[in-house]
Amino acid sequence: MRQPLVMGNWKMNGLRADGLALAQSIIDGLNAGDQGIAVCVPFVYISEVGKLIESTPLALGSQNVADQEKGAFTGEISASMLKDCGVTYALVGHSERRTCYADTDQTVAARFCQAQKEGVIPVLCIGETLEEREGDKTFAVIDEQLNAVIEMAGVEALANSVIAYEPVWAIGTGKTASDEQAQEVHKYIREKIAEKDAAIAEQLQILYGGSVKPNNAKALFSMPDIDGGLIGGASLDAESFLSIYRSI
Ligand code: PGA
């Protein structure tokens, strides 16, 4: 039985007071026994939000992590720094990093490895663009993005990770993949990993991301291979985010 997980990705939104107020409203809406909920906070506010949510059911995540361990890499944030600030999860390979900041399958795999080395759980984001979907390349893109990580980290590494399937055409566009479209890809990902290790595939949390809202979350999360969501826009409002979390 897989544990569901709902993660918010705040992206580059809000200032210090907004983040603290949002985190406070989320924890106010949680009960002591809740689990499987996290927020990915902008780096500069990670420590402070981390302190606020320490000892609550809300877990702390980052939106990226360096592909190197330490040293002369101006502007980067290492996995050990994140660990030191109480971070549990680090997104790697979000499509906005791949598209706007030239992250490649190789740098994403290196980030994945760095996070894991420090005991931070990497959340590997994969997914196709609209052009790739229309060109019937969805599964080929998923293969490439997954293979890069499996080749560098080994399939065993997936045991301590999360995968987020996020079709790029559904991110921030209001166009959600249909429940069946999402399930088809999630099933493909799980089967592909099962070919290498059935036990790892069975327990792997595969999240869906891309315009998840309170009104479509329940149907998506009821699909057999969808174990939760990575939520952008709707995670900036505590009520929406909690409502999505409660749909699991
Ligand atoms: P969205 O973003 O929910 O705003 O589409 C999802 C994401 O980018 O993780």
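In listed order, ligands and their atoms are each counted from 1. Just so it is clear, the structure is predicted and the values come from calculations on it, not from any experiment.
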Subject >> Considering all heavy atoms, the nearest Pro122-Ala115 contact >> reply: CB-CB, 4.2 Å
Subject >> Protein heavy atom at shortest distance from atom 3 (O) of ligand 1 >> reply: Gly232 N, 2.9 Å
Subject >> Test item: side-chain donor near acceptor, Asp105 and Gln145, under 3.5 Å >> reply: no
Original post:
Are Met152 and Val149 side-chain neighbours, meaning at least one heavy-atom pair lies under 4.5 Å?
Top reply: no
Original post:
Which ligand 1 atoms does Asn9 reach within 4.0 Å, using its non-hydrogen atoms?
Top reply: 9 (O)
Original post:
Short N/O distance, under 3.5 Å, between Gly209 and ligand 1?
Top reply: no
**OP:** Tell me which protein heavy atom sits closest to atom 7 (C) of ligand 1, plus the residue, atom name and distance to 0.1 Å.
**Re:** Glu166 OE2, 3.2 Å
**OP:** Consider only side-chain N and O atoms of Thr107 and Asp67, and report whether a donor and an acceptor are under 3.5 Å apart.
**Re:** no
**OP:** Taking all non-hydrogen atoms of both residues into account, name the closest pair between Phe221 and Ile244 and its distance.
**Re:** CE1-O, 3.5 Å
Subject >> ligand 1 atoms in contact with Ala170 (distance to a heavy atom under 4.0 Å) >> reply: 5 (O)
Original post:
Looking at ligand 1, does any of its N/O atoms fall within less than 3.5 Å of an N/O of Lys213?
Top reply: no
Original post:
Side chains of Tyr208 and Asp179: do they bring a donor and an acceptor to under 3.5 Å?
Top reply: no
Original post:
So is there a nitrogen or oxygen of Ala234 less than 3.5 Å from a nitrogen or oxygen in ligand 1?
Top reply: no
Original post:
Any idea which atoms of ligand 1 are less than 4.0 Å away from a heavy-atom of Lys11?
Top reply: 2 (O), 7 (C), 8 (O)
Subject >> For Gly210, the ligand 1 atoms whose distance to one of its heavy atoms is below 4.0 Å >> reply: 5 (O)
Original post:
Does Ser211 reach ligand 1, in the sense of a heavy atom lying below 4.0 Å from it?
Top reply: yes
**OP:** Considering only non-hydrogen protein atoms, determine which one is nearest to atom 4 (O) of ligand 1 and report residue, atom name and distance to 0.1 Å.
**Re:** Gly233 N, 2.8 Å
Subject >> Exercise: do Trp10 and Gln63 side chains pair donor with acceptor under 3.5 Å >> reply: no
**OP:** Mark up the atoms of ligand 1 that fall under 4.0 Å of a heavy atom belonging to His94, in ascending order.
**Re:** 7 (C), 8 (O), 9 (O)
Original post:
Heavy atoms, side chains only, cut-off 4.5 Å: are Ile171 and Ser95 in contact?
Top reply: yes
Original post:
Which of the numbered atoms in ligand 1 are below 4.0 angstrom from a heavy atom of Leu230?
Top reply: 6 (C), 9 (O)
Original post:
Can you list the ligand 1 atoms lying under 4.0 Å from a non-hydrogen atom of Gly172?
Top reply: 1 (P), 4 (O), 5 (O)
Subject >> SB check Arg246 Asp34 (cutoff 4.0 Å) >> reply: yes
